[in-house]
Amino acid sequence: MRLIVFFDLPMVTKTEKRAYVQFRRFLLNDGYDMIQWSVYGRLLNGSDDQEKHLKRLVDSLPPAGSVRCMTVTEKQFAGIRLLVGMRLFQEKTVTAEQMLLF
């Protein structure tokens, strides 16, 4: 499963910019990868992990703006179609042959 976080935060005042930076740093330090601007995602190991990370996300919310999250399965995430641009390193497909361990 993956937890996807979408956010739109105001950045007019110095305080709002600081809240944005702190929230973004929290996401990166908590294991989220940037999918695109203001969209971050992380892998989850089941529903217990989902509850843990949702609680951590709620505890770190900025005071203003809009933050939304969605949980998707790996199959649903793999079905995302990239219409314009290039895939990030984290999004590259790994074939079974590349996963051989010795």
Side-chain angles (χ1 to χ4, degrees):
M1 291 181 15
R2 290 191 189 238
L3 180 62
I4 311 289
V5 178
F6 312 85
F7 61 91
D8 185 16
L9 303 178
M11 291 190 10
V12 177
T13 67
K14 193 171 186 176
T15 305
E16 291 171 340
K17 288 179 185 177
R18 179 175 162 79
Y20 167 84
V21 169
Q22 286 177 334
F23 184 66
R24 185 176 179 279
R25 280 189 190 148
F26 159 75
L27 292 173
L28 294 173
N29 291 335
D30 200 39
Y32 289 82
D33 294 315
M34 186 172 78
I35 298 171
Q36 66 182 51
W37 294 110
S38 299
V39 180
Y40 287 72
R42 71 162 287 131
L43 285 169
L44 299 173
N45 292 324
S47 59
D48 291 339
D49 205 25
Q50 176 186 0
E51 291 303 317
K52 176 181 85 171
H53 285 288
L54 279 174
K55 183 180 179 333
R56 293 173 79 171
L57 187 62
V58 168
D59 292 343
S60 300
L61 289 175
S66 174
V67 178
R68 299 162 194 256
C69 66
M70 174 176 59
T71 305
V72 296
T73 65
E74 280 302 305
K75 186 175 181 179
Q76 291 169 328
F77 186 78
I80 294 174
R81 293 187 181 170
L82 181 62
L83 301 178
V84 175
M86 307 240 346
R87 291 188 179 273
L88 299 175
F89 176 76
Q90 296 91 343
E91 297 176 303
K92 294 203 188 269
T93 305
V94 178
T95 65
E97 295 161 359
Q98 292 174 312
M99 292 188 61
L100 292 176
L101 300 175
F102 296 95

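We use all heavy atoms of the structure for the numbers below, so side chains are in, but hydrogens, waters and symmetry mates are not. Numbering of residues begins at 1 and proceeds along the displayed sequence.
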Review point. Any donor and acceptor pair, going by atom type alone, linking the side chain of Gln76 with main-chain N or O of Val72 inside 3.5 Å?
Key: no
Are [X] and [Y] in one and the same hydrophobic cluster, where Ile, Leu, Val, Met, Phe, Trp and Tyr link if side-chain heavy atoms are under 4.5 Å apart?
X	Y	answer
Phe6	Leu43	no
Val67	Leu54	yes
Met34	Leu9	yes

Considering all heavy atoms, the nearest [X]-[Y] contact:
X	Y	value
Pro10	Gly65	CD-CA, 3.6 Å
Phe23	Ser60	CD1-O, 3.3 Å
Ile35	Gly41	CD1-N, 3.8 Å
Leu3	Cys69	CD1-CB, 4.1 Å
Glu74	Arg2	OE2-NE, 2.8 Å
Asp49	Leu44	OD2-CA, 3.5 Å

Check your understanding: Less than 4.0 Å between a side-chain N and a carboxylate O, is that true for Lys52 and Asp48?
Key -> no
Exercise for review: Using the six-membered ring wherever Trp is involved, compare the ring planes of Phe26 and Tyr32 and label them parallel, tilted or perpendicular (cut-offs 30° and 60°).
Suggested key: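 If you compare the ring of Phe26 with that of Tyr32, the planes turn out tilted.
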Practice item. Among Arg24, Arg18, Lys17, find the one that has a side-chain contact (heavy atoms from CB on, under 4.5 Å) with Tyr20. Key: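 Among Arg24, Arg18, Lys17, the one meeting side-chain contact (heavy atoms from CB on, under 4.5 Å) with Tyr20 is Arg24.
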Check your understanding: How far does CG of Leu57 sit from CZ of Phe7, to the nearest 0.5 angstrom?
Key -> 10.5 Å
